[in-house]
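All values below come from the heavy atoms of this structure, side chains included, with hydrogens, waters and symmetry mates left out. Counting begins at 1 with the first residue of the sequence.
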Amino acid sequence: MNHFLEMFGSEGSAAIVAASIALVGVLLSALISSLIARKSNYITAVTTERSKWIDKLRHNLSEFAGSAAYLFHKMQTTDNYATLPEHDELVQTLEKLEALIRLQLNPFGAIDKNIITLVDKTARFADKQTDQKFLKTHSLLILHAQWLLKEEWETIKVESVGILRGLWYRGKRDWRSSLYQQF
């Protein structure tokens, strides 16, 4: 190596060292840019899919809650509604939506578990003629769904911001979690 550097003299050696340093800098810059772009693409993909999931869950929950309320209303106002074909179709719709909602939720999450329980109770109480428990269960289902949807929206915000702002959002998330426990 020394013989190589001696061939170019001190000025040539300095140029070779400078070019080598520049080459290493360019390679490191390209590597770092690639890693940042890959992480950015991952975050974008995850937040996009989470947003789609939230919209689909919101739609399924509202469809379920609305159908259950309609079934309850019809059971209250229409004699022998349980014997009509419309009743069977509505019950089938509720059962399908209940399965979809269960599949969309995390069975280990606190809010999710509560929603799963409330979905089951709401469907059962809606199909009874005189069971006034439906109104309370239906209302609780909506409230718990609001908590979950807000929590998921906040999770999207945490995923899309930098580390320092993410710490701030995580603190807010812990605070909301304690509020949910009180709820």
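- In this structure, CD on Glu63 lies 5.0 Å from NE2 on His59, to the nearest 0.5 angstrom.
- Atom CD1 of residue Ile101 and atom NZ of residue Lys56 lie 13.0 Å apart, to the nearest 0.5 angstrom.
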(message) For Lys52 and Asp55: C-alpha separation, side-chain torsions, deciding distance, then whether salt bridge (charged side-chain N to carboxylate O under 4.0 Å, His left out) applies.
(response) CA-CA 5 Å; Lys52 289 178 189 176; Asp55 286 341; over 6 Å; no
(message) Run His87 and Leu71 through side-chain contact (heavy atoms from CB on, under 4.5 Å) and show every step you take.
(response) CA-CA 8 Å; His87 172 268; Leu71 174 59; 3.7 Å; yes
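- Proximity of a side-chain donor or acceptor of Trp53 to a complementary backbone N or O of Gln104 within less than 3.5 Å is detected.
- The backbone N or O of Glu89 lies less than 3.5 Å from a partner atom in the side chain of Thr93, making a donor-acceptor pair.
- Rounded to the nearest 0.5 Å, atoms CD (Gln92) and NZ (Lys96) are 8.5 Å apart.
- Panel note: side chain His138, backbone Ala68; no donor-acceptor pair is recorded below 3.5 Å.
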(message) Could you go through Leu149 and Gln146, starting from their C-alpha distance and side-chain angles, then the distance that decides it, and tell me whether this counts as side-chain contact (heavy atoms from CB on, under 4.5 Å)?
(response) CA-CA 5 Å; Leu149 294 170; Gln146 289 172 326; 5.9 Å; no
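- In the hydrophobic clustering of this structure, Ile142 does not group with Leu100; members are Ile, Leu, Val, Met, Phe, Trp, Tyr whose side-chain heavy atoms approach within less than 4.5 Å, directly or through other members.
- Distance check, rounded to the nearest 0.5 Å: CG of Leu140 to CG of Leu118 gives 5.5 Å.
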(request) Starting from the C-alpha separation in whole Å, work towards a yes-or-no answer on side-chain contact (heavy atoms from CB on, under 4.5 Å) for Leu61 and Ile115. (result) CA-CA 10 Å; Leu61 283 166; Ile115 291 174; 4.2 Å; yes
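- When each of Leu135, Thr122, Thr77, Asp127 is paired with Phe72, the side-chain contact (heavy atoms from CB on, under 4.5 Å) condition holds for Leu135 and for no other.
- Other residues, nucleotides and ligands place more than 12 heavy atoms under 6.0 Å from the NZ atom of Lys74.
- With rounding to the nearest 0.5 Å, the separation of CD in Glu86 from OG1 in Thr78 is 8.0 Å.
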(request) Could you go through the side-chain hydrogen bond (donor to acceptor under 3.5 Å, both in side chains) check for Tyr81 and Gln76 one step at a time? (result) CA-CA 9 Å; Tyr81 183 72; Gln76 301 299 310; over 6 Å; no
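- Contact of the Leu105 side chain with the Leu148 side chain is registered, since non-hydrogen atoms from C-beta on lie closer than 4.5 Å.
- Once rounded to the nearest 0.5 Å, the distance linking OG1 of Thr137 with NE2 of His144 reads 10.0 Å.
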(request) Kindly indicate, with the supporting measurements, whether the criterion side-chain contact (heavy atoms from CB on, under 4.5 Å) is fulfilled by Arg50 and Glu152. (result) CA-CA 8 Å; Arg50 189 181 286 274; Glu152 292 301 326; 2.4 Å; yes
